[in-house]
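What follows is a short report on a single structure.
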Amino acid sequence: MSGTIKVLNVAEKPSVAKSVSGILSRNQALRVRDGRSRYNRIFEFNYSIRGQPCHMLFTSVTGHLMELEFEDRFRKWHSCDPLDLYHAPDKLDIKRTLEEEARRCQWLVLWLDCDREGENIAFEVINVCRAVNRHLTIRRARFSALIDRGSAELCCSGTSFFLKVLCSTYVSDSYSDMCMGDMILLTHEIDLRIGASFTRFQTMLLRDKFVIDSATDDRNLVLSYGPCQFATLGFVVERYWEVQSHEPEEFWTINCSHRSDEGVATFNWMRGHLFDYTCAVIVYEMCVQEPTATVTKVQHKEKLKYPPYPLNTIELEKRASRYFRMSSEHTMKVAEELYQAGFISYPRTETDCFSSRTDLHAIVQEQQGHPDWGSYAQRLLDPETGLWRNPGSGGHDDKAHPPIHPTKFSTGEHGWSQDHRTLYELVVRHFLACVSQPAVGAETTVEIDIAGELFSASGRRNYLDVYRYESWGGSMIPTYTVGQQFAPASLTLDTGVTRPPPLLSEADLLSCMDKAGIGTDATMHDHIKKLLDRFYATKDSNTRFSPTNLARLNKVKLLEAMAVFFERSNRAVGGDNYAAGEVVRQCDLCQESSMVLKKNRDGNFMVGCSGFPQCRNAIWLPGSILEAAVTSNICSSCNPGPVYLIQFKFRQIEIPPGFNANHLGCIGGCDDTLRQLIEICGTGSRMSARGRGPTTTSSNGQRSSNRHNGCVHCQQTGHSSNDCPSQFSRSRNSQSHTHSENGDPSVSCSTCGMPCVLRTANTANNRGRKFYSCPSQECNFFIWEDGVSNGNGGRSIPSTNCSASNSGRRGGRGQSGRNRSHAADTTFVSATGDPVSNRCYVCGDPSHFANVCPNRGM
DNA sequence: GCAAGGTC
């Protein structure tokens, strides 16, 4: 190399051109002149690369150089058929600047963001420059942050030209392949053609034919379509449907409290809750009969709450929405203004990890004088406090920008709104939290045993000094020792109902979009705002979104309309990664696709038709399943076959006593155990057919589109499983006792009908007491002998005796409880909060408990 | 008046 060569440097934005020019020139003899665009100035300075004198010209673009637009004759909405848009540039000022400068340069160095769009813009710049100078040597810079470290160097090595800048920037040796650039260009073009044509088409078609209730004049209403806005709306609609279709399901739980001199502890039932009232009552009565609590476990543990990862755009938007209810669009507007004024770093970044070259201490040092968090910053920098911790990494790096952090100290500027102050404070506090040790808490967990049932309570202490947006709940609990016994202050059977998930909040929506790759960090808030602007969705004061009637209330109609022109596919719905699964059997409804085992979005298992959504046949499995896998074993009784058996593993704590956590089950209808668990535990899905098309419940919780309210026992319609007549008779038959020929009472198992065996109890409270039980360990049926002698029926804890549970529920909730002698200070109350009596909750008879009531099966 | 992606 000889003589001075001219290097044209082009950045994606003016701020980068200015920063890099300042760093490389050391701000010595740096000249600035205007380009043809008023925003994109040109910096000039002399530089030397390994002894090669260079004259550097540093200018910029502002994002894409080329604006994809239709020709004039296609721009007017009525000038052409929307279909014509499938068959049809630019920021001229910047383009002319580049052309003029490129003509007199030998090298072209591209300082564009290192993402797909940056790649695309790079090719736009290359095309413009090469068109006027075919001999340009072209290279692309890669850099992570523009922070001046006092020295900078541009290098070249051998024949491979590369550029290295020692200032927290790194420059690679080449730019990427053309395919990427072409792909981006193609995406833009498809987005424009489809978006514009479909928006015009449906707006002109529908706007004047319907009275559309919106906040704008119908004539100005735009029914837009775009791949990002439509997908974003899809999330809102999906959740809305989920909420609408939720059917509350009643459940029961047992709660226990204990009062001591040190305070009150609330113990939660470790089973969580049961959906079967009878089972809950029986277990509750067991506890009431022997209410003395024994402490079985006391565990003290140190708990750590780690600070958040460094802040990227999506987290900034989500946290501003959660903490301040600030819309993502407004957050980005305020953040942009703070960035433009130099107070925070570039706000559009995916990066949530700091480069090792970033001087984090220097950023903290700047904040030491702040009246609110300055003292915390000082403590951070004091090695004796041990408060400093290098920040964690969230695992994302866009190679273009650092995480969002403060770049200039401020106690609040004149002209800042409250939102500017709030957002700046969030950025600073978040940064300080990132470089802090985790919060430490001491947690104590106490487990107690009442009549074999386990309950637990926990308490916690902690501190979170600087990040005041988050708390770490926890309460104090009294001191306990293992083996200690006490009488509960209260032991209650409480009821509750399952609730639908909440509508999507803005933070939820951002998470959905992020997960599905909808939009970019710079545009996601725009898509959300567009839904509101176009009246597709509304946002309530709690930042939760609902679709309006404009948002495709009837998806089925749209599908039907499309089906006129297109053949239905068997592909899973977009973004449904849960669709893949193992084949269990042929779908007996559509008889075309397979029923496959899969997990739904909540992590619960189901067996559904692979032809979804055309075929909605589904079997909802118990929510207590931990693992499930299809085996190669085929059920010998279910037809049409083959029906492959599934190996289930249940969460022991969520299933009744006596059920095995490991179960090889069949979904073909022959599996009583599975059916019982569905009845007792409920299914993983809380969804109902309402609002989702004609899907209803049938055998084994199966939902199909051609059956209505089928009973799980008799498969008949017209009554629910809980009111099945077959179960009434079955209950009466199985639970009544008979006398054998020799006069001794004989008892049959309520589940399998086998004659029971007479045994003797060996528990602390019933030692020596006789009882009948089923010889099959799977049934768990038992009845006290004295109960039989008195003419009372038996019980089976995992019984699916729905009629009994219903009659019991209606007839006597709040009337159970007996044998208070164990705990004179204990208060027994019903689910309704009423004091309980010594009466059977089924018939009201004070002489016995409901579990041995002769009327249970009636 | 239309998309999505940059940016100011």
Side-chain angles (χ1 to χ4, degrees), chain A residues 10-18 35 37-41 59-70 74-86 88 90-91 93-94 111-125 180-181 183-208 216-233 313 332-333 335-337 339-341 346-349 398 400-401 513 517-531 533-534:
Chain A
V10 182
E12 185 161 327
K13 39 188 168 280
S15 60
V16 171
K18 184 181 179 185
S37 160
R38 55 189 287 215
Y39 301 111
N40 304 86
R41 309 176 83 190
T59 188
S60 58
V61 293
T62 48
H64 286 285
L65 198 56
M66 307 301 198
E67 288 289 341
L68 200 54
E69 284 185 5
F70 298 117
F74 294 106
R75 286 188 190 172
K76 291 284 184 188
W77 278 41
H78 292 87
S79 66
C80 65
D81 188 301
L83 279 175
D84 294 340
L85 296 177
Y86 289 94
D90 46 21
K91 296 178 181 174
D93 290 342
I94 299 174
W111 295 76
L112 298 154
D113 291 355
C114 297
D115 52 23
R116 294 191 343 174
E117 291 298 331
E119 202 89 351
N120 181 239
I121 298 169
F123 282 114
E124 292 179 355
V125 174
M180 180 65 83
M183 192 267 281
I184 300 288
L185 196 61
L186 186 63
T187 305
H188 286 187
E189 189 172 336
I190 290 172
D191 285 348
L192 175 61
R193 290 186 191 280
I194 294 180
S197 62
F198 202 60
T199 297
R200 290 185 192 184
F201 169 72
Q202 65 179 8
T203 300
M204 293 189 289
L205 176 69
L206 302 172
R207 184 174 59 191
D208 298 328
T216 187
D217 186 338
D218 281 355
R219 284 167 298 181
N220 294 325
L221 188 70
V222 174
L223 299 174
S224 61
Y225 169 82
C228 285
Q229 55 180 271
F230 196 68
T232 305
L233 181 58
T313 303
M332 291 310 292
K333 180 173 178 291
E336 177 68 21
E337 288 165 1
Y339 161 68
Q340 290 296 335
Y346 191 69
R348 289 180 286 275
T349 175
D398 61 17
H401 305 286
M513 296 171 73
I518 306 299
T520 70
D521 48 26
T523 63
M524 285 160 74
H525 60 276
D526 282 335
H527 301 313
I528 294 174
K529 184 170 185 293
K530 199 165 281 181
L531 297 189
D533 290 346
R534 300 272 158 79

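Residue numbers begin at 1 in each chain, while the letters A, B, ... track the order of the sequences.
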Please state whether the phosphate of [N], meaning OP1 or OP2, lies under 4.0 angstrom from any side-chain nitrogen or oxygen of [X].
{"X": "A:K530", "N": "B:dA4", "value": "yes"}
{"X": "A:R534", "N": "B:dC2", "value": "yes"}
{"X": "A:H64", "N": "B:dA4", "value": "no"}
{"X": "A:S224", "N": "B:dC2", "value": "no"}
{"X": "A:R200", "N": "B:dG1", "value": "no"}
{"X": "A:R41", "N": "B:dC8", "value": "no"}

Return the value, rounded to whole Å, for the distance between atom [atom1] of [X] and atom [atom2] of [N].
{"X": "A:H525", "N": "B:dG6", "atom1": "NE2", "atom2": "P", "result": "11 Å"}
{"X": "A:M332", "N": "B:dT7", "atom1": "CE", "atom2": "P", "result": "10 Å"}
{"X": "A:D533", "N": "B:dC2", "atom1": "CG", "atom2": "P", "result": "11 Å"}
{"X": "A:K13", "N": "B:dG5", "atom1": "NZ", "atom2": "P", "result": "16 Å"}
{"X": "A:W111", "N": "B:dT7", "atom1": "CH2", "atom2": "P", "result": "17 Å"}
{"X": "A:Y339", "N": "B:dC8", "atom1": "OH", "atom2": "C1'", "result": "10 Å"}
{"X": "A:I194", "N": "B:dA4", "atom1": "CD1", "atom2": "P", "result": "11 Å"}
{"X": "A:Q229", "N": "B:dC2", "atom1": "CD", "atom2": "C1'", "result": "9 Å"}

Just checking A:F201: base, sugar-phosphate only, or nothing, at a heavy-atom cut-off of under 4.0 Å?
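Since no nucleic acid heavy atom lies under 4.0 Å of A:F201, the category is nothing.
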A:Y225: what forms a ring pair (Phe, Tyr, Trp, His ring centres under 6.0 Å) with it, not counting sequence neighbours?
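Ring pair (Phe, Tyr, Trp, His ring centres under 6.0 Å) list for A:Y225, sorted by chain: A:F198, A:F230.
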Closest listed nucleotide, where the reference is the side chain of [X] and the choices are [options]:
{"X": "A:L192", "options": "B:dC2, B:dG6, B:dA3", "value": "B:dA3"}
{"X": "A:Y39", "options": "B:dC8, B:dA4, B:dG1", "value": "B:dC8"}
{"X": "A:T520", "options": "B:dG6, B:dC8, B:dA4", "value": "B:dG6"}

A quick test of your reading: do over 12 heavy atoms of other residues, nucleotides or ligands sit less than 6.0 Å from OH of A:Y339?
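Yes - once you tally the heavy atoms of other residues, nucleotides and ligands closer than 6.0 Å, there are more than 12.
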Scan side-chain atoms only and decide if A:S15 and A:Y346 contain a donor-acceptor pair under the 3.5 Å cut-off.
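The answer is no; no qualifying pair exists.
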Just to verify, what does A:Q340 make a side chain to side chain contact (heavy atoms under 4.5 Å, CB included) with, not counting sequence neighbours?
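A:Q340 satisfies side chain to side chain contact (heavy atoms under 4.5 Å, CB included) with A:E336 only.
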Can A:N40 and A:T59 be said to form a side chain to side chain donor-acceptor pair (under 3.5 Å), step by step?
CA-CA 6 Å; A:N40 304 86; A:T59 188; 5.7 Å; no
Whichever of A:A522 and A:Y225 has its nearest DNA chain B nucleotide further upstream toward 5':
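Final value for this comparison: A:Y225.
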